[in-house]
Amino acid sequence: MKRILTLSIAALLFAGSAIAQDTKTSKDKAGKEWKKDGKKGKHGKHKGAGFAKDLNLTDAQKEQMKAVKQEQHSKMQNILTAEQKAKIAERKKQRQAEAKTRGANRFGDMQKELGITNDQAAQLKTQNEAFRNKAKAIRENNDLTKEQKKEQTKALHAERKESMKAILTAEQIQKMEAKRKDGKGKRDKKDKK
């Protein structure tokens, strides 16, 4: 019981500090803007999962932690005014718009670097839209367990990779894989610092 209480308090402190710091930003050495809680880009959402893994929490503890976080979120929502909630919603929309712009820029860069034709680009955009819709359907399907969602998402990624082979040339795929490995290597080096 003492262990659960300690973990609950740790979760509350962790969640509270993450929420409090989420609204503040700072600049790193390169001048890029990052959130102070250490979340960067699309991979930041996995930080909480690593926290639970490091503590080797049981499934029951994970469920209890989730319930505590949901309760805390609900309490915090009750504290905020309608104006503050509107600001949060607006910031969320801004982040989504910025993410969409970054994605379009990355796609444009990839198109130039790989020598993708306009026809290939149109096919890839159609494929990506279908992928996003299928992935969203998996995430929102409450009839699936977490493990089933994970398996279906993994299968969807494999399907996407195979369908890319029908759109891109072998040379373009090689360039894309090399670029992906290079990017992963750079991220791994940053994470070790």
Side-chain angles (χ1 to χ4, degrees), residues 1-26 28 33-82 84-96 98-100 102-103 128 130-161 180 183-193:
M1 184 68 181
K2 187 175 181 181
R3 182 176 176 194
I4 292 173
L5 180 62
T6 303
L7 290 174
S8 296
I9 291 171
L12 283 172
L13 291 174
F14 176 75
S17 66
I19 290 168
Q21 292 177 353
D22 191 35
T23 58
K24 299 177 183 177
T25 57
S26 65
D28 70 0
E33 201 170 73
W34 300 98
K35 293 179 185 172
K36 281 189 177 182
D37 63 356
K39 293 181 180 180
K40 302 176 191 175
K42 67 181 181 180
H43 300 290
K45 64 184 174 187
H46 299 293
K47 297 283 185 195
F51 174 75
K53 190 174 183 179
D54 287 345
L55 291 177
N56 197 23
L57 299 177
T58 66
D59 289 341
Q61 289 173 317
K62 288 177 190 175
E63 286 301 316
Q64 288 175 327
M65 298 270 286
K66 186 177 177 180
V68 168
K69 287 178 186 179
Q70 288 173 341
E71 182 182 340
Q72 181 183 17
H73 177 74
S74 177
K75 286 179 180 179
M76 291 182 76
Q77 288 296 312
N78 290 334
I79 294 170
L80 299 173
T81 65
Q84 291 167 330
K85 290 177 185 179
K87 282 183 182 180
I88 291 171
E90 183 58 34
R91 285 184 184 164
K92 183 177 180 180
K93 284 181 185 177
Q94 287 174 345
R95 286 192 306 269
Q96 289 172 340
E98 289 167 1
K100 198 170 191 175
R102 283 191 306 272
N128 287 339
F131 173 82
R132 281 192 297 273
N133 290 337
K134 289 178 182 177
K136 183 179 179 182
I138 292 170
R139 280 192 313 271
E140 293 176 353
N141 187 344
N142 294 327
D143 293 335
L144 298 174
T145 65
K146 190 174 183 178
E147 190 59 38
Q148 288 171 326
K149 288 180 182 184
K150 190 175 182 179
E151 288 172 13
Q152 288 187 17
T153 301
K154 187 176 179 179
L156 185 60
H157 279 282
E159 176 187 317
R160 180 186 197 190
K161 191 173 182 177
R180 195 172 282 153
K184 185 180 182 326
K186 288 178 183 176
R187 282 192 305 273
D188 290 344
K189 285 179 185 176
K190 281 184 182 178
D191 289 343
K192 289 180 182 178
K193 289 183 179 181

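These numbers were taken from a predicted model, which means no experiment stands behind them.
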(request) Sequence neighbours left out, what passes side chain to side chain contact (heavy atoms under 4.5 Å, CB included) with Q96? Give chain and number order. (result) K92
(request) Please name the pair of heavy atoms, one in N56 and one in Q61, separated by the smallest distance, quoted to 0.1 Å. (result) O-OE1, 4.4 Å
(request) Would you give the length of the straight line joining atom NZ of K69 to atom CE of M76, rounded to the nearest 0.5 angstrom? (result) 13.5 Å
(message) Would you say NZ of K85 has more than 12 non-hydrogen atoms from neighbouring residues, nucleotides or ligands within 6.0 angstrom?
(response) yes
(request) Please identify each residue that fulfils side-chain hydrogen bond (donor to acceptor under 3.5 Å, both in side chains) with Q70, with sequence neighbours left out. (result) none
(message) Would you compute the distance between atom OG1 of T58 and atom CD of Q64 and round it to the nearest 0.5 angstrom?
(response) 7.0 Å
(message) Checking S74 now: which residues fulfil side-chain hydrogen bond (donor to acceptor under 3.5 Å, both in side chains) with it, not counting sequence neighbours?
(response) none
Side-chain donor-acceptor contacts of residues 133-144 below 3.5 Å, not counting sequence neighbours, with atom names and distances?
from : atom 1 : to   : atom 2 : distance (Å)
N133 : ND2    : E129 : O      : 3.3
K134 : NZ     : E159 : OE2    : 3.0
N141 : OD1    : D143 : N      : 2.9

(message) Please enumerate all residues that pass side-chain hydrogen bond (donor to acceptor under 3.5 Å, both in side chains) together with E151, with sequence neighbours excluded.
(response) none
(request) Could you pull out all residues at least two apart from Q84 that satisfy side chain to side chain contact (heavy atoms under 4.5 Å, CB included)? (result) L80, T81
(request) List in chain and number order the residues that pass side-chain hydrogen bond (donor to acceptor under 3.5 Å, both in side chains) with K146, two or more places apart in sequence or in another chain; answer none if no residue qualifies. (result) none
